[in-house]
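Read the structure below first, then the notes.
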Amino acid sequence: MNKRLSIFFSMLLVLSMFLAACSGGGDNADGGEKGGDDGGKSDVPQELRVNINTEPPSLNPGLAQDSTSGTVLRNVLEGLTRINQDGKPENAMAEDIKVSEDGKTYTFTIRDAKWSNEDPVTAKDFEYAWKWALDPANNSTYAYQLYYIEGAEAFNTGKGEKDAVGVKAIDDKTLEVKLVNPTPYFEELTAFYTYLPVNSKIAEANPEWATDAGENFTTNGPFHMVEWSHSDKIVLEKSKTYWDAETVKLDSIEMVMINDPNTELSMFDNGELDWAGAPTGALPTDAMQALKDEGRLVTQPIAGIYNYKFNTTVEPFNNVNIRKAFAHAINRQELIDNILQGEQLPAMAIVPPSMFEENEKGYFPDNDVEKAKEYLQKGLEELGLKDASELPAVTLSYNTSEAHQKIAQAVQDMWKQNLGVEVTLDNSEWNVYLDKLDQMDYQVARLGWLGDFNDAINFLEMYRDADGGNNNTGWESKEFQDLLAKSATETDPEARQQLLKDAEAIFMEDMPVAPIYFYTNNWVQAENLKDVAVSGLGDVQYKWAHFE
């Protein structure tokens with residue numbers, strides 16, 4: 001989520017989003033039967049209460065770029081596929097999927113399904129949604145996730161026509177998608193929120209359909225949004241029109257927006273929340289050890305990274321050696337041990353170890369202060385400066401949260417002690433923060449990225465183009481671009497993996513981003529809450545959740 005930025009973006013221990021990567025509506029629904037594991041009646045209320053930290057920046061899947069928005073969208077809308085409880089894509093709105101021999105043409109048969117206003121879900125709803133996201137007039141940050149489709153990039157960059165995009169509703173039940181290259185993980189991609197459908201009849205008639213709960217926010221997923229009290233809470237109810245409603249046991253989900261981890265944990269302990277912490281909220285860092293000692297803390301490694309991005313278009317971070325100096329002068333393990341305390345892994349690479357095993361070690365030692373000083377001296381000489389005091393003023397930006405603030409303060413001290421650089425801290429609320437990054441109005445800025453799908457390309461492709469939707473660094477490399485392009489056509493898995501590793505090596509040599517740590521999810525939950533699906537990519541689904 002872009003800044004799955006993710007969201008994650010404004011989470012504390014999971015600290016997210018996005019973009020973003022990997023970068024925080026309503027249908028008619030009713031409460032279904034209250035069921036336990038066996039689907040029968042239960043006296044236990046099937047009413048889930050969670051914290052999502054902040055207002056979702058957008059609940060239009062074509063504009064969503066963060067994990068908060070993604071959390072809501074995954075539970076109210078459904079794509080051609082859905083990631084199941086085992087982390088694998090399974091048929092969802094697509095009843096059948098046929099793939100051509102060359103792996104480049106997909107034919108999806110849309111199942112009999114309805115939107116929450118009783119409109120049928122059609123192939124046109126997918127074609128409309130995808131082409132809307134690609135339309136350059138709509139400024140979709142995540143449009144590049146659709147570039148696997150023939151003609152998509154050309155249309156999005158103003159070099160091609162909408163009609164040349166390789167997605168076509170053959171009829172109401174048949175969607176044909178033509179890809180540029182064979183893409184083994186395409187069925188996983190079609191579960192991602194940029195690929196979700198929208199009710200084309202509603203969207204064409206009401207451009208602002210996704211800005212509030214109500215009759216225009218029609219949904220086709222397990223839940224329907226019945227209330228959106230902005231900056232306060234979102235309320236979902238079980239959808240009466242969902243094709244697989246028998247599987248859904250929860251009657252309602254209340255998603256409050258509390259950006260204070262101490263309040264969140266207190267509400268959980270007082271029985272006002274059924275879940276506290278990641279992936280939608282955050283736990284107070286000071287409580288982590290006690291929660292571990294009590295045996296209440298759940299910790300799960302995920303494919304996500306916490307970064308400090310450099311704006312490579314402004315001084316002094318237009319100098320690669322200055323960027324390397326700042327990256328090397330951070331003690332990541334100290335941040336984890338003293339602040340985060342969630343078993344995170346220091347990151348000295350950009351792709352998580354779950355994808356590149358050697359990245360447990362990475363490209364450089366953690367806290368290499370001597371090397372940092374060498375890079376600083378080289379950078380100062382290249383900039384014609386005598387010492388660090390002559391550097392332009394440096395500001396470190398972060399979105400409002402307890403953990404982001406503590407990390408920023410610690411890094412501020414490290415850069416002062418190790419490099420002799422004075423750093424000013426700047427924080428903003430989530431929506432404002434994302435706008436600042438998109439406008440390149442920063443020098444150094446924190447951002448989390450959670451994998452959108454389980455492949456290393458997802459952690460690299462956002463940096464392909466300087467003006468790419470989730471890049472936000474101004475960095476670009478022709479050699480890096482060429483390697484990514486070769487990987488797209490390489491059919492041998494090992495050779496493709498090596499091309500991606502070579503691309504990562506170029507990225508790390510130029511250091512447009514200082515990786516800080518690889519995420520874990522940390523949370524506590526009600527003992528009788530079962531089958532909440534938290535994936536290895538850090539997202540959450542409540543389709544199967546229930547109380548015993």
Side-chain angles (χ1 to χ4, degrees), residues 1 7 10 24-32 45-79 93 113-121 125 128-129 132-133 138 193-194 196-243 245 248 250-259 272-275 280-281 429-431 539-543 545:
M1 268 180 153
I7 148 95
S10 73
D27 349 324
N28 295 328
D30 65 357
Q46 299 297 316
E47 299 165 353
L48 177 65
R49 299 157 302 170
V50 299
N51 179 32
I52 60 171
N53 247 11
T54 186
E55 173 84 355
S58 178
L59 291 184
N60 182 333
L63 296 178
Q65 61 172 335
D66 66 290
S67 58
T68 298
S69 303
T71 293
V72 181
L73 289 171
R74 283 187 184 89
N75 290 287
V76 299
L77 294 175
E78 182 159 271
M93 282 296 105
K114 292 182 179 181
W115 292 97
S116 50
N117 67 347
E118 304 285 346
D119 285 343
V121 178
D125 295 330
Y128 174 86
W132 189 94
N138 294 323
Y193 54 73
T194 309
L196 292 173
V198 301
N199 187 324
S200 54
K201 287 171 60 178
I202 294 287
E204 287 173 334
N206 303 276
E208 301 300 312
W209 67 272
T211 58
D212 214 339
E215 62 181 10
N216 288 334
F217 200 99
T218 55
T219 62
N220 71 324
F223 301 95
H224 174 73
M225 184 167 66
V226 295
E227 180 182 346
W228 186 357
S229 299
H230 293 281
S231 300
D232 180 22
K233 68 178 178 180
I234 284 174
V235 178
L236 310 181
E237 289 185 357
K238 178 178 176 178
S239 175
K240 66 182 179 183
T241 60
Y242 181 50
W243 71 274
V248 181
L250 292 177
D251 291 331
S252 66
I253 307 172
E254 183 179 62
M255 299 174 161
V256 299
M257 304 171 194
I258 298 169
N259 196 11
E272 300 170 78
L273 290 175
D274 303 300
W275 187 288
T280 61
E429 294 302 319
W430 186 233
N431 285 352
D539 53 63
V540 62
Q541 297 185 75
Y542 303 114
K543 173 177 175 174

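- Interatomic distance, L73 CG to D539 CG, rounded to the nearest 0.5 Å: 12.0 Å.
- A salt bridge links R49 to D274: at least one charged side-chain nitrogen sits closer than 4.0 Å to a carboxylate oxygen.
- Side chain of N60 to main chain of A210: no donor-acceptor pair is present (N/O by atom type, distance under 3.5 Å, no hydrogens or angles).
- In terms of heavy-atom proximity, T71 sits nearest to T280 at CG2-CG2, 3.8 Å.
- Ion pairing between a basic and an acidic side chain is recognised when a charged N comes within 4.0 Å of a carboxylate O; K201 and D119 show such pairing.
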Requested in this report: Mind running side-chain hydrogen bond (donor to acceptor under 3.5 Å, both in side chains) on S229 and E227 for me, showing each step along the way?
Outcome: CA-CA 6 Å; S229 299; E227 180 182 346; 2.7 Å; yes

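- Summarising the geometry, atom CG belonging to L77 is positioned 5.5 Å from atom CG belonging to L196; distances are rounded to the nearest 0.5 Å.
- Between the side chain of N75 and the backbone N or O of Y542 there is at least one donor-acceptor pair closer than 3.5 Å.
- Separating the CD atom in E429 from the CG atom in N259 is a distance of 6.0 Å, to the nearest 0.5 Å.
- Taking 4.5 Å as the limit, every side-chain heavy atom of V235 sits out of range of all side-chain heavy atoms of M255.
- A donor-acceptor pair under 3.5 Å links the side-chain atoms of N220 to the main chain of E78, judged by distance alone.
- Under the 3.5 Å distance criterion, with hydrogens and angles disregarded, a donor-acceptor pair is assigned to the side chains of W228 and E55.
- R74 has its side chain within reach of Y193: a pair of non-hydrogen atoms, C-beta onward, lies under 4.5 Å apart.
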Query raised in the report: Passes side-chain contact (heavy atoms from CB on, under 4.5 Å), D125 versus W115? Steps please.
Result: CA-CA 10 Å; D125 295 330; W115 292 97; 2.9 Å; yes

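- Residues L236 and V226 fail the side-chain proximity criterion, which asks for heavy atoms closer than 4.5 Å.
- Note: S239 OG to K114 NZ = 11.0 Å, rounded to the nearest 0.5 Å.
- When side chains are defined from C-beta on, W209 counts as touching V198, because their heavy atoms get closer than 4.5 Å.
- In this structure the side chain of N138 reaches within 4.5 angstrom of the side chain of W132, judged on heavy atoms.
- We find the CD-OH distance between E204 and Y128 to be 5.5 Å, quoted to the nearest 0.5 Å.
- Here the side chains of M257 and P56 are in contact, with some heavy-atom distance below 4.5 Å.
- Taking the salt bridge (Lys or Arg N to Asp or Glu O under 4.0 Å) definition, one finds that D232 meets it with nothing, sequence neighbours left out.
- At least one side-chain heavy atom of V72 sits less than 4.5 Å from a side-chain heavy atom of I234.
- Between N206 and N216, some side-chain heavy-atom pair lies under the 4.5 Å cut-off.
- For the side chain to side chain contact (heavy atoms under 4.5 Å, CB included) criterion with P222, the lone passing option out of I253, L250, V248, V76 is V248.
- A side-chain donor from one of Y242 and K543 sits under 3.5 Å from a side-chain acceptor of the other.
- Atom OG1 of T54 sits about 12.0 Å away from atom CD1 of I258, to the nearest 0.5 Å.
- Remark: the backbone N or O of S58 is paired with a side-chain donor or acceptor of S69 at under 3.5 angstrom.
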